[in-house]
Amino acid sequence: MTGSPMRPAVLVVEDDLATRNLLRVVLNRSGFEVDLVSSGTDVITLVSNVHYSAVLFDLYMGGTSGHDLLAAILTTMPEMLPRVVVVSSAPKKELDRVRKLYPMICALRKPFELEELLAAVKSVAVEPPSRDVAAEFCRRSIINGAKTGVALVPAPEASHLNVAMSFGYNAGALEPFSSMALDAPYPICAAYRRQRPIWFASLTLASAEYPLLTSVWEENHGHALAALPLMSDGQCVGVAGWSFRDARPFAADERRPFEEIAAFLATELGASSSAARAG
């Protein structure tokens with residue numbers, strides 16, 4: 001499943017709101033699609049799943065630092081380093097040391113001229129391929145605050161659910177979702193069976209109704225959960241579930257992005273299911 005070609009996408013990691021907004025406007029006007037996150041915590045998951053044309057971050061950030069990110073990218077996906085732009089107020093000696101350690105990156109020192117930043121991003125950016133559904137699921141979910149996500153579809157015999165795509169889980173943590181029985185005591189199965197969303201603002205609320213969640217969430221450090229059926233032409237073609245690092249109230253504006261992701265997945269999976277039946 002693939003989509004049409006997209007605008008070049010830049011991932012911007014910035015903890016200052018005003019700076020995030022400025023960079024989004026400037027890069028948007030220059031033809032880039034911009035994803036914004038406030039810390040480096042989710043960057044490795046994002047760049048592992050989404051083909052970004054460029055990644056821009058500071059050396060000093062909350063959570064995972066820029067130094068940690070560079071080391072992780074070098075270890076896990078060194079091919080990504082030439083697309084990295086480091087923008088930092090770090091002392092010149094520190095930036096020089098970073099340039100020596102990672103000669104393939106572009107490093108700018110704050111303050112900078114916007115033209116200088118744009119030139120740096122354009123110099124490292126590569127043309128994006130078509131973005132597939134799994135990458136789009138990961139991208140939309142993380143930039144809206146999800147820690148992990150999984151989408152499941154019914155098996156042909158309709159007795160259990162199979163994993164269609166996921167992000168943020170290691171193999172062991174994803175194991176409970178493998179060939180999950182439709183009547184399993186988990187919210188994601190209940191959302192599929194009932195064909196309605198389930199929102200849990202905290203682990204305390206969820207574990208009271210679903211006791212088996214406690215050990216799973218403690219292992220994954222999750223503190224809130226959402227599970228939404230994927231409805232296409234009146235049929236439930238699957239279900240998506242997300243966990244979040246912090247408890248959250250799931251007000252209307254917090255629910256809306258995940259309802260939109262569910263609608264997107266339902267359209268894509270519904271089309272794929274129809275094509276398979278026709279074939």
Evaluate the ring planes of W199 and F250, with Trp represented by its six-membered ring, and classify them as parallel (under 30°), tilted (30 to 60°) or perpendicular (over 60°).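 The rings of W199 and F250 sit tilted, inter-plane angle from 30° to 60°.
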Could you verify whether a donor N or O on one side chain and an acceptor N or O on the other, from [X] and [Y], lie under 3.5 Å apart?
X    : Y    : value
H51  : E127 : no
S141 : W242 : yes
E94  : Y60  : yes

Non-hydrogen atoms of [X] and [Y] that approach each other most closely:
X    : Y    : result
A201 : P249 : CB-CA, 4.4 Å
R248 : G145 : NH1-O, 3.7 Å
A120 : C106 : CB-SG, 3.6 Å
I198 : A190 : CD1-CB, 3.6 Å
V50  : R139 : CG2-CB, 3.8 Å
P185 : Y210 : O-CD2, 3.2 Å

Heavy atoms, side chains only, cut-off 4.5 Å: are [X] and [Y] in contact?
X    : Y    : result
E136 : L265 : no
H67  : V98  : yes
V153 : L161 : no
Y192 : P154 : yes
E79  : M104 : no
K147 : F244 : no
V86  : L108 : no
L174 : S166 : yes

Separation between [atom1] of [X] and [atom2] of [Y], rounded to the nearest 0.5 Å:
X    : Y    : atom1 : atom2 : answer
L11  : D35  : CG    : CG    : 6.5 Å
I188 : L225 : CD1   : CG    : 8.0 Å
L27  : L118 : CG    : CG    : 6.0 Å
I261 : L228 : CD1   : CG    : 9.5 Å
L70  : Y102 : CG    : OH    : 5.0 Å
Y52  : E33  : OH    : CD    : 8.0 Å

Residues C189, L182; criterion side chain to side chain contact (heavy atoms under 4.5 Å, CB included); working and verdict: CA-CA 6 Å; C189 297; L182 292 180; 6.0 Å; no
Is there a path from [X] to [Y] through hydrophobic residues (I, L, V, M, F, W, Y) whose side chains come within less than 4.5 Å of each other?
X    : Y    : value
V13  : L117 : no
V124 : I73  : no
V121 : V55  : no
V47  : V12  : no
V126 : V84  : no

I'd like to know whether D96 forms a salt bridge (charged side-chain N to carboxylate O under 4.0 Å, His left out) with K92, so could you lay out the CA-CA distance, the side-chain angles of the two residues, the decisive distance to 0.1 Å, and finally the verdict. CA-CA 6 Å; D96 287 343; K92 183 178 182 299; 2.8 Å; yes
Donor-acceptor contact below 3.5 Å, side chain [X] vs main chain [Y]:
X    : Y    : value
S202 : A224 : no
R109 : V87  : no
S65  : D68  : yes
E254 : A251 : yes
S159 : A155 : no

is_close_aromatic(Y186, F177), centroid dist under 6.0 Å: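 No.
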Apply side chain to side chain contact (heavy atoms under 4.5 Å, CB included) to the pair Y169 and E175, showing each step before the final yes or no. CA-CA 9 Å; Y169 293 98; E175 183 62 29; over 6 Å; no
Are any of the side-chain nitrogens in R20 or D16 under 4.0 Å away from the carboxylate oxygens of its partner?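 Judged by the 4.0 Å cut-off on N to carboxylate O distance, R20 and D16 do not form a salt bridge.
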Could you walk me through whether E260 and R256 satisfy the salt bridge (charged side-chain N to carboxylate O under 4.0 Å, His left out) test, starting with their C-alpha distance in whole Å, then the side-chain angles of each, then the deciding distance to 0.1 Å, before giving a yes or no? CA-CA 6 Å; E260 292 172 354; R256 191 173 301 111; 5.4 Å; no
Please step through ring-ring contact (aromatic ring centres under 6.0 Å, His included) for the pair F258 and F264, ending with a clear verdict. CA-CA 10 Å; F258 294 95; F264 161 75; over 10 Å; no
Kindly state each residue pair satisfying side-chain hydrogen bond (donor to acceptor under 3.5 Å, both in side chains) with at least one member in residues 110-125, sequence neighbours excluded.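 Listed by first then second residue: D58-K110.
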Evaluate the side chain to side chain contact (heavy atoms under 4.5 Å, CB included) criterion for residues V85 and I105: first the C-alpha distance (whole Å), next the side-chain angles of each, then the deciding distance (0.1 Å), finally the verdict. CA-CA 6 Å; V85 178; I105 73 166; over 6 Å; no
Using the rule given for side chain to side chain contact (heavy atoms under 4.5 Å, CB included), can you reason through V25 versus N21, listing the C-alpha separation, both sets of side-chain angles and the distance that settles it, and then say yes or no? CA-CA 6 Å; V25 170; N21 289 335; 5.6 Å; no
Please list, one pair per line, the donor and acceptor atoms closer than 3.5 Å that link side chains of residues 36-44 to other protein atoms, with sequence neighbours excluded.
{"residue": "S39", "atom": "OG", "partner": "T41", "partner atom": "N", "Å": "3.4"}
{"residue": "S39", "atom": "OG", "partner": "T41", "partner atom": "OG1", "Å": "3.1"}
{"residue": "D42", "atom": "OD1", "partner": "R245", "partner atom": "NH1", "Å": "3.3"}
{"residue": "D42", "atom": "OD1", "partner": "R245", "partner atom": "NH2", "Å": "2.8"}
{"residue": "D42", "atom": "OD2", "partner": "R245", "partner atom": "NH1", "Å": "3.3"}

